[in-house]
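Note sheet for the following structure.
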Amino acid sequence: MVQITGTTKLLGVMGNPVAHSLSPLMQNVALESLNLDYCYLPLEIKPELLSQAVAGLRALGLQGFNVTIPYKEQIIACLDKVDDEALLIGAVNTVVNHEGKLVGYNTDGRGFLRSLAEEWDLGLYGEQVVVLGAGGAARAIVSALASAGASKITIANRNVERGLLLKADLEQHYPCKIAVVDLSEGELDRELAASHLVVQTTPVGMYPHAGDATIIEPTRLRKDSYVYDIIFNPPETRLLQGAKEQGCRTANGLGMLLHQGALSFEYWTGIEAPVKLMRQALLER
Ligand code: NAP
């Protein structure tokens with residue numbers, strides 16, 4: 001347990017719900033292991049009270065906080081400044097209190113890239129990638145893949161309009177070619193056949209509604225592809241299970257969760273995060 005004293009600085013995660021969040025566990029293990037005088041709290045906030053809650057956190061002098069579903073976009077209007085990457089993504093998952101000024105960042109995309117590099121020795125420069133989904137997580141991931149030099153990213157989403165909005169936002173910032181397709185057979189299958197890496201970013205297949213759901217049938221994947229599903233509960237979605245059975249290399253989203261949190265930790269403390277310990281805490285839970 002972190003020792004709370006009169007000098008302890010406060011951090012937290014705001015969202016609704018937050019009871020399921022693994023961030024308090026992971027961040028407190030990290031803070032405690034380095035003997036840092038901080039405590040990280042769950043902050044469940046009612047939707048109609050978001051701006052009052054942010055004013056309250058500011059008044060209390062919180063050092064910073066993470067932002068999770070459903071506030072990653074809405075929080076922007078409550079902050080003093082948002083960095084360019086988070087503005088481009090259109091979402092903030094990390095806020096730092098810089099001497100009274102609340103500044104927003106987004107560590108999801110860079111957390112994803114760190115996790116990808118840890119999983120596989122896979123160059124992204126000049127590569128073609130398929131991203132399934134076009135929501136908040138996909139925005140961060142597509143932006144990160146484009147910044148890492150991918151030559152073409154195909155966004156496959158149920159709602160094609162949403163994919164087109166993401167394309168329009170990102171295409172003017174990166175030389176990367178961005179295509180948008182729906183999830184049906186045909187166009188998407190041609191893109192899957194041309195891509196080494198497939199990233200699944202939708203909640204389809206996630207606990208507790210996992211069941212047998214999969215965003216696309218795994219048999220549509222190329223047998224030598226790398227398949228990253230950002231869901232980590234269950235650790236192996238039906239998509240990953242099917243992909244593995246036919247020879248693909250697979251990874252779940254635990255590494256992304258870990259590394260986005262490690263980057264937030266580094267923003268708040270200025271100290272390199274104890275990633276090994278944080279991962280161990282997540283795996284034990
Ligand atoms: P979001 O903004 O609500 O986006 C959801 C996406 O999933 C949209 O593209 C949506 O498509 C699609 N989708 C949802 N239900 C679908 C269905 N039944 N069939 C087809 N498509 C469906 O959510 P998000 O913030 O991007 O989060 C998505 C998932 O990523 C969540 O499970 C979240 O827990 C996980 N996540 C993991 C990490 C990590 O660190 N590992 C980080 C962030 C998020 P439409 O546009 O057609 O509705």
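Remember, predicted model here, so these are calculated numbers, not experimental data.
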Kindly give the heavy-atom pair with the smallest separation between [X] and [Y], and that separation in Å.
X: Ile45; Y: Ala53; value: CD1-CB, 3.6 Å
X: Val13; Y: Ser21; value: CG1-OG, 4.1 Å
X: Val82; Y: Ala86; value: CG1-CB, 3.6 Å
X: Met278; Y: Ala273; value: SD-CB, 3.9 Å
X: Ala91; Y: Ile76; value: N-CD1, 3.9 Å
X: Gly133; Y: Thr202; value: CA-CG2, 3.7 Å

So how far is it from [X] [atom1] to [Y] [atom2], rounded to the nearest 0.5 Å?
X: Asn16; Y: Glu44; atom1: CG; atom2: CD; result: 4.5 Å
X: Tyr105; Y: Thr94; atom1: OH; atom2: OG1; result: 9.5 Å
X: Leu79; Y: Lys101; atom1: CG; atom2: NZ; result: 12.0 Å
X: Ile89; Y: Leu170; atom1: CD1; atom2: CG; result: 8.5 Å
X: Gln63; Y: Asn97; atom1: CD; atom2: CG; result: 6.0 Å
X: Tyr38; Y: Thr7; atom1: OH; atom2: OG1; result: 11.0 Å

Sidechain-backbone polar pair: [X] side chain, [Y] backbone, donor-acceptor under 3.5 Å:
X: Gln172; Y: Ala168; value: yes
X: Thr8; Y: Thr5; value: yes
X: Glu32; Y: Val29; value: no
X: Trp268; Y: Val95; value: yes
X: Asn28; Y: Tyr40; value: yes
X: Arg58; Y: Gly100; value: yes
X: Asn159; Y: Arg162; value: yes
X: Asp80; Y: Leu102; value: yes
X: Gln280; Y: Leu282; value: no
X: Ser195; Y: Leu197; value: no

> Would Lys72 and Asp108 satisfy salt bridge (Lys or Arg N to Asp or Glu O under 4.0 Å), going step by step from the backbone distance to the final call?
Replying inline: CA-CA 11 Å; Lys72 286 185 180 183; Asp108 278 337; 2.9 Å; yes

Residues [X], [Y]: salt bridge by 4.0 Å N-O rule:
X: Lys152; Y: Glu127; result: no
X: Glu236; Y: Lys244; result: yes
X: Arg279; Y: Glu118; result: yes
X: Glu217; Y: Arg238; result: yes

> Glu85 and Arg110: salt bridge (Lys or Arg N to Asp or Glu O under 4.0 Å), yes or no, with the steps?
Replying inline: CA-CA 10 Å; Glu85 180 188 24; Arg110 278 174 288 139; 2.9 Å; yes

Crowding at [atom1], [X] (>12 non-hydrogen neighbours, <6.0 Å):
X: Glu272; atom1: CD; result: no
X: Gln128; atom1: CD; result: yes
X: Asp224; atom1: CG; result: yes

> Does Lys223 have any side chain to side chain contact (heavy atoms under 4.5 Å, CB included) partners at least two apart in sequence or in another chain, and if so, which?
Replying inline: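 Here the qualifying residues are Gln246.
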
> Per the side-chain contact (heavy atoms from CB on, under 4.5 Å) rule, which among Ile230, Val198, Val204 passes with Leu132?
Replying inline: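 The side-chain contact (heavy atoms from CB on, under 4.5 Å) with Leu132 is passed solely by Val198 among Ile230, Val198, Val204.
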
Check whether any side-chain heavy atom of [X] sits under 4.5 Å from a side-chain heavy atom of [Y], and report yes or no.
X: Asp182; Y: Asn157; value: no
X: Leu34; Y: Pro274; value: yes
X: Met14; Y: Leu50; value: yes
X: Phe265; Y: Thr107; value: no
X: Ser115; Y: His259; value: yes
X: Leu221; Y: Leu192; value: yes
X: Leu43; Y: Val18; value: no
X: Leu124; Y: Leu116; value: yes

> Given the rule in the salt bridge (Lys or Arg N to Asp or Glu O under 4.0 Å) test, do Glu266 and Arg114 qualify, once you have shown the distances and angles that lead to the verdict?
Replying inline: CA-CA 14 Å; Glu266 289 161 14; Arg114 274 197 191 184; 3.2 Å; yes

Do [X] and [Y] sit in one hydrophobic cluster, given that two such residues count as connected whenever their side-chain heavy atoms are within less than 4.5 Å of each other, even indirectly?
X: Ile75; Y: Leu57; result: yes
X: Val199; Y: Val142; result: yes
X: Val54; Y: Leu41; result: yes
X: Met256; Y: Met206; result: no

>> Please evaluate residues Thr237 and Asp229 with respect to the criterion side chain to side chain donor-acceptor pair (under 3.5 Å), reporting the C-alpha separation (whole Å), side-chain torsions for both, the decisive distance (0.1 Å), and the verdict.
In response: CA-CA 8 Å; Thr237 55; Asp229 192 331; 2.8 Å; yes

>> If the condition is side-chain hydrogen bond (donor to acceptor under 3.5 Å, both in side chains), which residues does Gln241 pass it with, not counting sequence neighbours?
In response: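 If we apply the side-chain hydrogen bond (donor to acceptor under 3.5 Å, both in side chains) test to Gln241, skipping adjacent residues, there are no hits.
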
>> Centre-to-centre under 6.0 Å for Tyr228 and Phe112, is that the case here?
In response: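 Aromatic pair counts; centres sit under 6.0 Å.
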
